[in-house]
Amino acid sequence: MKSLRVLVIDDEKLIRWSFEKQLESKGYEVISAESAEEGLELFKRKGADLIFLDNHMSGMFGIELIPLLRAVDESVGIVFMTAFGTIDMAVEAMKGGASEYVSKPFNFDEINVIIDGFKKKLSLDNELQVFRRQQKEEFTFQNIIHASPKITEIITISKKLAQTDATSILILGESGTGKDVFARSIHNESKRKDKPFVTIVCSSLPDALLESELYGHEKGAFTGAVAMKKGLFEIAEGGTVFLDEIGEINQEVQVKLLNVLENRMVRRVGGSRDIQIDVRIIAATNRNLKEAVEKKTFRKDLYYRLKVFQFSLPPLKERPEDVPVLLEYFLMFFNQQFSKKIQGIDEEAKELLVNYNWPGNVRELRNVAERAVILESGEVLKKDCLPMEIRQEELVSEPEWGAGLSEYSVLVDLNKGPISLDDMEKEVLQKALLMTNRNQTKASKLLGISRDTLRYKKKKYKI
Ligand SMILES: Nc1ncnc2c1ncn2[C@@H]1O[C@H](COP(=O)(O)OP(=O)(O)OP(=O)(O)O)[C@@H](O)[C@H]1O
Ligand SMILES: [Mg+2]
(Lines give C-alpha, C1' and ligand atoms only; values in the text may rest on other atoms or scores of the structure.)
(Ligands and ions follow the chains in the order given, each with its own letter.)
Protein backbone atom coordinates (compact mmCIF):
# COMPACT_ATOMS: atom_id res chain seq x y z
CA MET A 1 0.00 0.00 0.00
CA LYS A 2 1.15 3.51 -0.76
CA SER A 3 2.52 5.25 2.31
CA LEU A 4 1.11 8.54 3.48
CA ARG A 5 2.93 11.54 2.02
CA VAL A 6 3.22 14.50 4.35
CA LEU A 7 4.26 17.96 3.21
CA VAL A 8 5.69 20.31 5.83
CA ILE A 9 5.78 24.02 5.00
CA ASP A 10 7.68 25.96 7.62
CA ASP A 11 10.54 28.43 7.53
CA GLU A 12 12.09 27.01 10.69
CA LYS A 13 14.66 24.44 9.78
CA LEU A 14 14.38 22.71 13.14
CA ILE A 15 10.67 22.09 12.66
CA ARG A 16 11.15 20.65 9.19
CA TRP A 17 13.94 18.45 10.47
CA SER A 18 11.87 17.19 13.44
CA PHE A 19 8.97 16.27 11.18
CA GLU A 20 11.26 14.37 8.86
CA LYS A 21 12.95 12.51 11.68
CA GLN A 22 9.78 11.69 13.61
CA LEU A 23 7.49 10.80 10.74
CA GLU A 24 9.96 8.95 8.55
CA SER A 25 10.63 6.63 11.49
CA LYS A 26 6.92 5.78 11.35
CA GLY A 27 7.14 4.88 7.71
CA TYR A 28 5.62 8.06 6.26
CA GLU A 29 7.13 9.94 3.38
CA VAL A 30 7.99 13.52 4.31
CA ILE A 31 8.70 16.35 1.89
CA SER A 32 9.27 19.90 3.01
CA ALA A 33 9.49 23.50 1.88
CA GLU A 34 10.69 26.64 3.62
CA SER A 35 8.24 29.11 2.16
CA ALA A 36 4.62 29.18 1.07
CA GLU A 37 5.64 29.74 -2.53
CA GLU A 38 8.03 26.83 -2.57
CA GLY A 39 5.48 24.67 -0.77
CA LEU A 40 2.85 25.37 -3.42
CA GLU A 41 5.25 24.48 -6.22
CA LEU A 42 6.25 21.27 -4.50
CA PHE A 43 2.64 20.36 -3.86
CA LYS A 44 1.73 20.93 -7.50
CA ARG A 45 4.65 18.83 -8.62
CA LYS A 46 4.53 15.97 -6.17
CA GLY A 47 1.19 16.08 -4.37
CA ALA A 48 0.65 15.11 -0.74
CA ASP A 49 -2.05 13.57 1.44
CA LEU A 50 -1.57 15.81 4.43
CA ILE A 51 0.04 19.24 4.79
CA PHE A 52 1.39 20.85 7.96
CA LEU A 53 1.42 24.55 7.27
CA ASP A 54 3.10 27.30 9.25
CA ASN A 55 1.61 30.79 9.15
CA HIS A 56 4.35 33.36 9.72
CA MET A 57 6.81 33.05 6.90
CA SER A 58 8.59 35.62 4.81
CA GLY A 59 6.71 36.14 1.56
CA MET A 60 3.23 34.73 1.48
CA PHE A 61 1.65 33.78 4.80
CA GLY A 62 0.37 30.26 5.42
CA ILE A 63 -3.19 31.46 5.76
CA GLU A 64 -3.07 32.99 2.27
CA LEU A 65 -1.78 29.74 0.88
CA ILE A 66 -4.72 27.60 2.05
CA PRO A 67 -7.10 28.43 -0.81
CA LEU A 68 -4.32 27.93 -3.35
CA LEU A 69 -3.59 24.48 -1.96
CA ARG A 70 -7.29 23.67 -1.97
CA ALA A 71 -7.52 24.76 -5.59
CA VAL A 72 -4.88 22.17 -6.48
CA ASP A 73 -6.48 19.34 -4.50
CA GLU A 74 -9.82 19.74 -2.81
CA SER A 75 -9.45 16.73 -0.56
CA VAL A 76 -5.97 17.25 0.87
CA GLY A 77 -5.75 17.48 4.68
CA ILE A 78 -4.36 20.84 5.82
CA VAL A 79 -3.19 21.28 9.40
CA PHE A 80 -2.57 24.91 10.24
CA MET A 81 0.23 25.57 12.71
CA THR A 82 0.79 28.86 14.39
CA ALA A 83 3.29 29.95 16.98
CA PHE A 84 1.41 33.05 17.92
CA GLY A 85 -1.63 30.84 18.22
CA THR A 86 -4.58 33.06 18.82
CA ILE A 87 -7.82 31.20 18.46
CA ASP A 88 -9.04 33.90 16.08
CA MET A 89 -6.34 33.10 13.60
CA ALA A 90 -7.06 29.38 13.83
CA VAL A 91 -10.75 30.03 13.26
CA GLU A 92 -9.88 32.17 10.24
CA ALA A 93 -7.75 29.34 8.90
CA MET A 94 -10.52 26.79 9.40
CA LYS A 95 -12.98 29.07 7.64
CA GLY A 96 -10.49 29.45 4.86
CA GLY A 97 -10.32 25.72 4.31
CA ALA A 98 -7.86 24.27 6.84
CA SER A 99 -8.94 20.86 8.17
CA GLU A 100 -7.40 21.24 11.62
CA TYR A 101 -5.06 23.42 13.58
CA VAL A 102 -2.34 22.88 16.11
CA SER A 103 -0.64 25.57 18.15
CA LYS A 104 3.08 25.75 18.58
CA PRO A 105 4.90 24.52 20.54
CA PHE A 106 3.51 21.03 20.12
CA ASN A 107 4.89 17.58 20.75
CA PHE A 108 4.82 14.71 18.31
CA ASP A 109 2.22 12.80 20.30
CA GLU A 110 -0.24 15.50 19.25
CA ILE A 111 0.93 15.32 15.67
CA ASN A 112 0.55 11.54 15.64
CA VAL A 113 -2.99 11.77 16.96
CA ILE A 114 -3.82 14.16 14.12
CA ILE A 115 -2.24 11.87 11.53
CA ASP A 116 -4.04 8.80 12.89
CA GLY A 117 -7.34 10.66 12.80
CA PHE A 118 -6.69 11.70 9.24
CA LYS A 119 -5.81 8.15 8.17
CA LYS A 120 -8.95 6.79 9.76
CA LYS A 121 -11.07 9.32 7.95
CA LEU A 122 -9.37 8.48 4.68
CA SER A 123 -10.01 4.77 4.89
CA LEU A 124 -13.46 4.94 6.42
CA ASP A 125 -14.91 7.40 4.04
CA ASN A 126 -13.05 6.86 0.87
CA GLU A 127 -16.21 6.11 -1.01
CA LEU A 128 -18.26 8.80 0.67
CA GLN A 129 -15.94 11.46 -0.66
CA VAL A 130 -17.31 10.88 -4.12
CA PHE A 131 -20.55 12.57 -3.38
CA ARG A 132 -19.55 14.74 -0.47
CA ARG A 133 -17.35 16.67 -2.83
CA GLN A 134 -20.08 17.01 -5.37
CA GLN A 135 -22.72 18.14 -2.94
CA LYS A 136 -20.87 21.21 -1.83
CA GLU A 137 -22.66 23.57 -4.14
CA GLU A 138 -26.32 23.57 -3.22
CA PHE A 139 -28.46 23.94 -6.29
CA THR A 140 -32.14 24.63 -6.30
CA PHE A 141 -34.42 25.96 -9.01
CA GLN A 142 -34.30 29.34 -7.30
CA ASN A 143 -30.62 29.60 -8.16
CA ILE A 144 -31.22 29.08 -11.83
CA ILE A 145 -30.90 32.58 -13.20
CA HIS A 146 -32.97 33.27 -16.28
CA ALA A 147 -35.31 35.65 -18.05
CA SER A 148 -36.26 33.57 -21.05
CA PRO A 149 -39.67 31.89 -21.25
CA LYS A 150 -37.92 28.73 -22.53
CA ILE A 151 -36.05 28.26 -19.29
CA THR A 152 -39.12 29.18 -17.23
CA GLU A 153 -40.98 26.41 -18.99
CA ILE A 154 -38.21 23.87 -18.39
CA ILE A 155 -38.12 24.80 -14.71
CA THR A 156 -41.87 24.22 -14.44
CA ILE A 157 -41.51 20.77 -16.00
CA SER A 158 -38.47 19.94 -13.86
CA LYS A 159 -40.28 20.87 -10.67
CA LYS A 160 -42.99 18.40 -11.56
CA LEU A 161 -40.40 15.77 -12.37
CA ALA A 162 -38.71 16.38 -9.03
CA GLN A 163 -41.95 15.51 -7.28
CA THR A 164 -42.62 12.46 -9.45
CA ASP A 165 -40.38 9.83 -8.06
CA ALA A 166 -38.57 7.02 -9.80
CA THR A 167 -38.87 8.22 -13.36
CA SER A 168 -35.64 8.36 -15.29
CA ILE A 169 -34.80 11.70 -16.83
CA LEU A 170 -32.60 12.54 -19.79
CA ILE A 171 -31.17 16.05 -20.06
CA LEU A 172 -29.80 17.17 -23.41
CA GLY A 173 -27.91 20.33 -24.23
CA GLU A 174 -24.61 21.75 -25.39
CA SER A 175 -21.70 21.94 -23.00
CA GLY A 176 -22.13 24.63 -20.35
CA THR A 177 -25.90 25.07 -20.76
CA GLY A 178 -26.70 23.96 -17.20
CA LYS A 179 -27.34 20.20 -17.34
CA ASP A 180 -25.52 19.70 -14.07
CA VAL A 181 -27.40 22.53 -12.44
CA PHE A 182 -30.75 21.07 -13.46
CA ALA A 183 -29.84 17.53 -12.37
CA ARG A 184 -28.81 18.75 -8.93
CA SER A 185 -31.81 21.02 -8.57
CA ILE A 186 -34.15 18.14 -9.38
CA HIS A 187 -32.44 16.02 -6.74
CA ASN A 188 -32.40 18.80 -4.15
CA GLU A 189 -36.09 19.48 -4.56
CA SER A 190 -37.18 15.85 -4.55
CA LYS A 191 -37.96 13.69 -1.56
CA ARG A 192 -34.53 12.13 -2.08
CA LYS A 193 -32.76 15.38 -1.18
CA ASP A 194 -31.28 14.12 2.09
CA LYS A 195 -29.83 11.08 0.38
CA PRO A 196 -26.72 11.05 -1.81
CA PHE A 197 -26.40 12.59 -5.24
CA VAL A 198 -23.72 10.57 -6.98
CA THR A 199 -22.26 11.62 -10.30
CA ILE A 200 -20.82 9.01 -12.61
CA VAL A 201 -18.91 10.64 -15.42
CA CYS A 202 -19.36 7.86 -17.95
CA SER A 203 -16.55 8.92 -20.24
CA SER A 204 -14.00 8.68 -17.47
CA LEU A 205 -14.84 5.16 -16.36
CA PRO A 206 -11.74 3.04 -16.83
CA ASP A 207 -12.89 -0.19 -18.42
CA ALA A 208 -10.84 -2.38 -16.13
CA LEU A 209 -12.26 -0.88 -12.97
CA LEU A 210 -15.71 -0.24 -14.27
CA GLU A 211 -17.55 -3.16 -12.79
CA SER A 212 -16.15 -2.75 -9.34
CA GLU A 213 -16.71 1.01 -9.46
CA LEU A 214 -20.36 0.63 -10.36
CA TYR A 215 -21.27 -2.54 -8.53
CA GLY A 216 -18.59 -2.80 -5.85
CA HIS A 217 -16.75 -5.98 -4.97
CA GLU A 218 -16.54 -8.52 -2.20
CA LYS A 219 -13.39 -9.01 -0.18
CA GLY A 220 -10.99 -11.25 -2.08
CA ALA A 221 -12.87 -11.00 -5.39
CA PHE A 222 -9.58 -10.30 -7.17
CA THR A 223 -5.98 -9.52 -6.29
CA GLY A 224 -5.98 -6.24 -4.48
CA ALA A 225 -9.57 -6.52 -3.24
CA VAL A 226 -8.48 -6.45 0.38
CA ALA A 227 -11.82 -5.30 1.70
CA MET A 228 -15.43 -5.22 0.58
CA LYS A 229 -16.19 -2.10 -1.40
CA LYS A 230 -19.64 -0.75 -2.22
CA GLY A 231 -20.30 0.30 -5.78
CA LEU A 232 -21.60 3.74 -6.73
CA PHE A 233 -25.16 2.52 -7.22
CA GLU A 234 -25.18 1.13 -3.69
CA ILE A 235 -23.60 4.29 -2.28
CA ALA A 236 -26.39 6.33 -3.85
CA GLU A 237 -29.08 4.21 -2.18
CA GLY A 238 -32.23 6.25 -1.71
CA GLY A 239 -30.79 9.12 -3.71
CA THR A 240 -29.97 10.02 -7.29
CA VAL A 241 -27.37 8.70 -9.70
CA PHE A 242 -26.35 11.25 -12.29
CA LEU A 243 -24.95 9.54 -15.37
CA ASP A 244 -23.06 12.40 -16.95
CA GLU A 245 -21.79 12.23 -20.53
CA ILE A 246 -23.88 9.14 -21.15
CA GLY A 247 -23.30 9.55 -24.88
CA GLU A 248 -19.70 8.47 -24.46
CA ILE A 249 -20.17 4.96 -23.15
CA ASN A 250 -19.16 1.92 -25.16
CA GLN A 251 -21.44 -0.95 -26.11
CA GLU A 252 -20.28 -3.20 -23.33
CA VAL A 253 -21.04 -0.63 -20.65
CA GLN A 254 -24.37 0.09 -22.30
CA VAL A 255 -25.45 -3.51 -21.81
CA LYS A 256 -24.44 -3.45 -18.18
CA LEU A 257 -26.24 -0.21 -17.49
CA LEU A 258 -29.36 -1.42 -19.21
CA ASN A 259 -29.32 -4.40 -16.94
CA VAL A 260 -29.17 -2.24 -13.82
CA LEU A 261 -31.93 0.03 -15.08
CA GLU A 262 -34.23 -2.82 -15.96
CA ASN A 263 -33.78 -4.92 -12.89
CA ARG A 264 -32.85 -2.30 -10.29
CA MET A 265 -30.43 -4.84 -8.90
CA VAL A 266 -26.69 -4.98 -8.63
CA ARG A 267 -24.39 -7.83 -7.74
CA ARG A 268 -20.96 -7.02 -6.34
CA VAL A 269 -18.02 -8.51 -8.22
CA GLY A 270 -17.26 -11.84 -6.57
CA GLY A 271 -20.61 -11.74 -4.74
CA SER A 272 -23.38 -14.27 -4.82
CA ARG A 273 -26.47 -12.25 -4.05
CA ASP A 274 -28.34 -9.54 -5.91
CA ILE A 275 -28.79 -6.31 -4.03
CA GLN A 276 -31.94 -4.32 -4.61
CA ILE A 277 -31.25 -0.66 -5.24
CA ASP A 278 -33.57 2.30 -5.02
CA VAL A 279 -32.10 5.18 -6.99
CA ARG A 280 -33.40 7.71 -9.44
CA ILE A 281 -31.42 7.92 -12.64
CA ILE A 282 -30.77 11.24 -14.34
CA ALA A 283 -28.61 11.06 -17.47
CA ALA A 284 -27.11 13.90 -19.47
CA THR A 285 -25.24 14.35 -22.70
CA ASN A 286 -24.20 17.02 -25.16
CA ARG A 287 -24.39 14.45 -27.99
CA ASN A 288 -27.33 13.89 -30.27
CA LEU A 289 -28.43 10.54 -28.85
CA LYS A 290 -31.22 10.03 -31.34
CA GLU A 291 -28.72 10.23 -34.15
CA ALA A 292 -26.40 7.86 -32.27
CA VAL A 293 -29.27 5.39 -32.04
CA GLU A 294 -29.89 5.68 -35.78
CA LYS A 295 -26.21 5.06 -36.42
CA LYS A 296 -26.40 2.14 -34.02
CA THR A 297 -23.62 3.43 -31.77
CA PHE A 298 -26.08 3.80 -28.91
CA ARG A 299 -28.51 1.03 -27.96
CA LYS A 300 -32.11 1.81 -28.70
CA ASP A 301 -33.41 -0.08 -25.67
CA LEU A 302 -31.13 1.86 -23.33
CA TYR A 303 -32.11 5.13 -24.99
CA TYR A 304 -35.80 4.47 -24.35
CA ARG A 305 -35.12 3.41 -20.76
CA LEU A 306 -33.32 6.66 -20.11
CA LYS A 307 -35.62 9.07 -21.84
CA VAL A 308 -38.81 8.29 -19.96
CA PHE A 309 -38.76 12.06 -19.58
CA GLN A 310 -36.39 14.27 -21.46
CA PHE A 311 -35.79 17.93 -22.00
CA SER A 312 -33.28 19.92 -23.91
CA LEU A 313 -31.54 23.04 -22.62
CA PRO A 314 -31.22 25.63 -25.39
CA PRO A 315 -27.80 27.17 -26.08
CA LEU A 316 -27.31 30.66 -24.71
CA LYS A 317 -27.33 32.27 -28.17
CA GLU A 318 -30.93 31.11 -28.55
CA ARG A 319 -31.94 32.92 -25.36
CA PRO A 320 -30.12 36.26 -25.48
CA GLU A 321 -32.47 37.71 -22.89
CA ASP A 322 -30.73 35.51 -20.30
CA VAL A 323 -27.36 37.15 -20.93
CA PRO A 324 -27.92 40.44 -19.03
CA VAL A 325 -29.46 38.76 -15.98
CA LEU A 326 -26.73 36.14 -15.83
CA LEU A 327 -24.09 38.86 -16.14
CA GLU A 328 -25.64 40.87 -13.37
CA TYR A 329 -25.76 37.80 -11.17
CA PHE A 330 -22.15 36.75 -11.80
CA LEU A 331 -20.91 40.34 -11.35
CA MET A 332 -22.52 40.39 -7.94
CA PHE A 333 -21.15 36.98 -7.15
CA PHE A 334 -17.57 37.79 -8.11
CA ASN A 335 -17.73 41.27 -6.57
CA GLN A 336 -18.31 39.51 -3.32
CA GLN A 337 -15.66 36.91 -3.90
CA PHE A 338 -12.94 39.42 -4.81
CA SER A 339 -14.16 42.28 -2.59
CA LYS A 340 -14.80 44.54 -5.57
CA LYS A 341 -17.52 47.10 -6.12
CA ILE A 342 -18.31 47.01 -9.80
CA GLN A 343 -21.69 48.65 -10.27
CA GLY A 344 -22.51 47.66 -13.81
CA ILE A 345 -21.46 47.37 -17.41
CA ASP A 346 -21.08 50.24 -19.84
CA GLU A 347 -23.23 50.26 -22.97
CA GLU A 348 -20.44 49.41 -25.38
CA ALA A 349 -19.38 46.34 -23.42
CA LYS A 350 -22.96 45.25 -22.87
CA GLU A 351 -23.70 45.35 -26.56
CA LEU A 352 -20.69 43.19 -27.34
CA LEU A 353 -21.71 40.69 -24.67
CA VAL A 354 -25.31 40.40 -25.78
CA ASN A 355 -24.31 40.00 -29.43
CA TYR A 356 -21.62 37.42 -28.80
CA ASN A 357 -22.55 33.85 -29.75
CA TRP A 358 -21.29 32.13 -26.54
CA PRO A 359 -20.05 28.77 -27.85
CA GLY A 360 -19.20 27.77 -24.26
CA ASN A 361 -22.65 28.89 -23.05
CA VAL A 362 -23.22 29.84 -19.39
CA ARG A 363 -19.88 28.39 -18.30
CA GLU A 364 -18.08 30.72 -20.69
CA LEU A 365 -20.14 33.68 -19.54
CA ARG A 366 -19.27 32.89 -15.94
CA ASN A 367 -15.57 32.78 -16.79
CA VAL A 368 -15.76 36.03 -18.73
CA ALA A 369 -17.50 37.73 -15.78
CA GLU A 370 -14.91 36.41 -13.34
CA ARG A 371 -11.92 37.64 -15.27
CA ALA A 372 -13.57 40.96 -16.05
CA VAL A 373 -14.23 41.57 -12.35
CA ILE A 374 -10.59 40.76 -11.59
CA LEU A 375 -9.22 42.96 -14.36
CA GLU A 376 -11.53 45.97 -14.06
CA SER A 377 -10.11 48.65 -11.81
CA GLY A 378 -12.94 51.13 -12.19
CA GLU A 379 -16.53 50.96 -11.02
CA VAL A 380 -18.06 50.14 -14.37
CA LEU A 381 -17.07 47.21 -16.47
CA LYS A 382 -15.64 48.30 -19.80
CA LYS A 383 -14.79 46.49 -22.98
CA ASP A 384 -11.05 46.38 -22.40
CA CYS A 385 -11.68 43.81 -19.67
CA LEU A 386 -13.37 41.48 -22.11
CA PRO A 387 -11.45 38.75 -23.87
CA MET A 388 -10.31 39.06 -27.46
CA GLU A 389 -12.91 36.83 -29.02
CA ILE A 390 -15.72 38.99 -27.69
CA ARG A 391 -14.12 42.17 -28.95
CA GLN A 392 -13.30 40.43 -32.21
CA GLU A 393 -16.56 41.44 -33.84
CA GLU A 394 -15.54 45.01 -33.35
CA LEU A 395 -12.17 44.28 -34.90
CA VAL A 396 -13.91 43.03 -37.98
CA SER A 397 -16.14 46.09 -38.33
CA GLU A 398 -13.40 48.56 -37.40
CA PRO A 399 -10.20 47.21 -38.93
CA GLU A 400 -8.11 50.24 -37.93
CA TRP A 401 -8.58 49.18 -34.33
CA GLY A 402 -6.73 45.92 -34.94
CA ALA A 403 -3.36 47.57 -35.28
CA GLY A 404 -3.58 49.43 -32.01
CA LEU A 405 -4.89 46.76 -29.69
CA SER A 406 -4.95 48.15 -26.19
CA GLU A 407 -1.76 47.36 -24.38
CA TYR A 408 -3.87 45.93 -21.61
CA SER A 409 -5.48 43.49 -23.98
CA VAL A 410 -6.34 40.13 -22.59
CA LEU A 411 -4.10 37.31 -23.68
CA VAL A 412 -5.90 34.17 -22.65
CA ASP A 413 -8.29 32.72 -25.19
CA LEU A 414 -11.28 31.04 -23.58
CA ASN A 415 -12.17 29.31 -26.82
CA LYS A 416 -9.07 27.22 -26.47
CA GLY A 417 -10.55 25.50 -23.43
CA PRO A 418 -10.53 26.21 -19.73
CA ILE A 419 -7.93 28.74 -18.62
CA SER A 420 -5.54 27.70 -15.91
CA LEU A 421 -5.21 29.71 -12.74
CA ASP A 422 -1.55 30.16 -13.59
CA ASP A 423 -2.35 31.79 -16.92
CA MET A 424 -4.87 34.01 -15.27
CA GLU A 425 -2.45 35.00 -12.54
CA LYS A 426 0.28 35.73 -15.03
CA GLU A 427 -2.06 37.92 -16.99
CA VAL A 428 -3.23 39.86 -13.97
CA LEU A 429 0.39 40.39 -12.88
CA GLN A 430 1.30 41.63 -16.33
CA LYS A 431 -1.55 44.04 -16.32
CA ALA A 432 -0.67 45.36 -12.87
CA LEU A 433 2.94 45.91 -13.96
CA LEU A 434 1.88 47.67 -17.12
CA MET A 435 -0.50 49.92 -15.27
CA THR A 436 2.13 50.96 -12.75
CA ASN A 437 4.98 51.34 -15.21
CA ARG A 438 6.61 48.33 -13.59
CA ASN A 439 6.79 50.05 -10.22
CA GLN A 440 6.93 47.04 -7.91
CA THR A 441 5.74 48.83 -4.82
CA LYS A 442 2.67 50.20 -6.60
CA ALA A 443 2.01 46.94 -8.43
CA SER A 444 2.16 44.85 -5.27
CA LYS A 445 -0.18 47.29 -3.53
CA LEU A 446 -2.58 47.12 -6.43
CA LEU A 447 -2.56 43.35 -6.27
CA GLY A 448 -2.73 43.22 -2.48
CA ILE A 449 0.36 41.04 -2.15
CA SER A 450 3.76 41.62 -0.61
CA ARG A 451 6.68 42.82 -2.71
CA ASP A 452 8.48 39.56 -1.99
CA THR A 453 5.55 37.63 -3.37
CA LEU A 454 5.45 39.86 -6.43
CA ARG A 455 9.19 39.35 -7.00
CA TYR A 456 8.78 35.63 -6.62
CA LYS A 457 5.91 35.53 -9.06
CA LYS A 458 7.71 37.70 -11.59
CA LYS A 459 10.53 35.22 -11.53
CA LYS A 460 8.15 32.29 -11.72
CA TYR A 461 6.38 33.59 -14.81
CA LYS A 462 9.50 35.21 -16.24
CA ILE A 463 7.84 38.63 -16.61
N1 LIG B 1 -29.18 29.32 -15.40
C2 LIG B 1 -28.05 29.33 -14.68
N3 LIG B 1 -27.96 30.13 -13.60
C4 LIG B 1 -26.81 30.19 -12.89
N5 LIG B 1 -25.71 29.48 -13.17
C6 LIG B 1 -25.75 28.67 -14.24
C7 LIG B 1 -26.92 28.54 -15.04
N8 LIG B 1 -26.67 27.65 -16.03
C9 LIG B 1 -25.40 27.24 -15.85
N10 LIG B 1 -24.83 27.85 -14.79
C11 LIG B 1 -23.44 27.73 -14.36
O12 LIG B 1 -22.67 27.55 -15.53
C13 LIG B 1 -21.68 26.57 -15.37
C14 LIG B 1 -21.91 25.43 -16.35
O15 LIG B 1 -23.12 24.74 -16.04
P16 LIG B 1 -23.23 23.15 -15.99
O17 LIG B 1 -22.01 22.57 -15.35
O18 LIG B 1 -24.53 22.81 -15.39
O19 LIG B 1 -23.21 22.84 -17.54
P20 LIG B 1 -23.34 21.42 -18.29
O21 LIG B 1 -24.47 21.56 -19.24
O22 LIG B 1 -23.42 20.34 -17.28
O23 LIG B 1 -21.98 21.39 -19.09
P24 LIG B 1 -21.11 20.09 -19.58
O25 LIG B 1 -21.84 19.48 -20.72
O26 LIG B 1 -19.82 20.72 -20.03
O27 LIG B 1 -20.96 19.20 -18.42
C28 LIG B 1 -21.74 26.15 -13.92
O29 LIG B 1 -20.83 26.93 -13.19
C30 LIG B 1 -23.17 26.50 -13.52
O31 LIG B 1 -23.24 26.76 -12.15
MG1 LIG C 1 -22.01 18.82 -16.80
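Whatever order the structure lists ligands and atoms in, that order sets their numbers, starting from 1.
Residue Arg363 places at least one N or O, backbone or side chain, under 3.5 Å from an N or O of ligand 1. Not one N or O of Ile144 is nearer than 3.5 Å to an N or O of ligand 1, by distance alone. Of the polar atoms of Asn286, none of the N or O atoms is found under 3.5 Å from an N or O of ligand 1, judged by distance alone. Residue Ser175 has at least one N or O atom closer than 3.5 Å to an N or O atom of ligand 1. By the 3.5 Å distance cut-off applied to N or O atoms, Asp180 is counted among the residues near ligand 1. For ligand 1, the polar-atom distance check against Phe139 finds no nitrogen or oxygen pair separated by under 3.5 Å.
A side-chain donor from one of Ser148 and Asp322 sits under 3.5 Å from a side-chain acceptor of the other. Between Glu425 and Tyr461, the side chains place a donor N or O and an acceptor N or O closer than 3.5 Å (distance only, hydrogens not considered).
Considering all non-hydrogen atoms of both residues, Arg5 and Gly47 come closest at CD-O, 3.1 Å. The nearest pair of heavy atoms linking Phe197 to Ala183 is CE1-O, 3.6 Å. Closest approach of Phe80 to Ala98, counting heavy atoms only: CB-CB, 4.1 Å. Considering all non-hydrogen atoms of both residues, Val362 and Leu316 come closest at N-CD2, 4.1 Å. Shown here for Leu232 and Ile200, the closest heavy-atom pair between the two residues is CD1-CG1, 3.7 Å. The minimum heavy-atom distance between Arg70 and Val76, with the atom names listed, is NH1-O, 2.8 Å.
The atoms of ligand 1 that sit less than 4.0 Å from any heavy atom of Gly178 are 8 (N), 9 (C), 15 (O), 16 (P), 18 (O), 19 (O), 20 (P), 21 (O). For ligand 1 and Asn143, the ligand atoms under 4.0 Å from any heavy atom of the residue are 3 (N), 4 (C).
Residue-ligand proximity: Leu326 is placed with a non-hydrogen atom under 4.0 Å from ligand 1. Ligand 1 has no atom lying under 4.0 Å from any heavy atom of Thr285. Heavy-atom distances between Gly173 and ligand 1 stay at or above 4.0 Å for every pair.
Between Phe233 and Tyr215, the ring planes lie parallel to each other; the angle is under 30°, not in the 30° to 60° tilted range.
Glu252 and Lys256 are joined by a salt bridge, as a carboxylate oxygen and a charged side-chain nitrogen come within less than 4.0 angstrom of each other. Ion pairing between a basic and an acidic side chain is recognised when a charged N comes within 4.0 Å of a carboxylate O; Asp165 and Arg192 show such pairing.
Just one of Glu351, Glu376, Glu348 meets the salt bridge (Lys or Arg N to Asp or Glu O under 4.0 Å) condition when paired with Lys383; it is Glu348.
For a distance threshold of 2.8 Å, the protein N, O or S atoms nearer than that to the Mg ion (ligand 2), listed by chain and number, are Asp180 OD1.
Contact annotation: for His146 versus ligand 1, there are no heavy atoms closer than 4.0 Å. At a heavy-atom cutoff of 4.0 Å, ligand 1 is contacted by the side chain of Phe330 but not by its backbone. With a heavy-atom cut-off of 4.0 Å, Phe182 does not touch ligand 1 at all.
With Glu218 contributing its side chain and Val269 its backbone, the two residues share no donor-acceptor pair below 3.5 Å.
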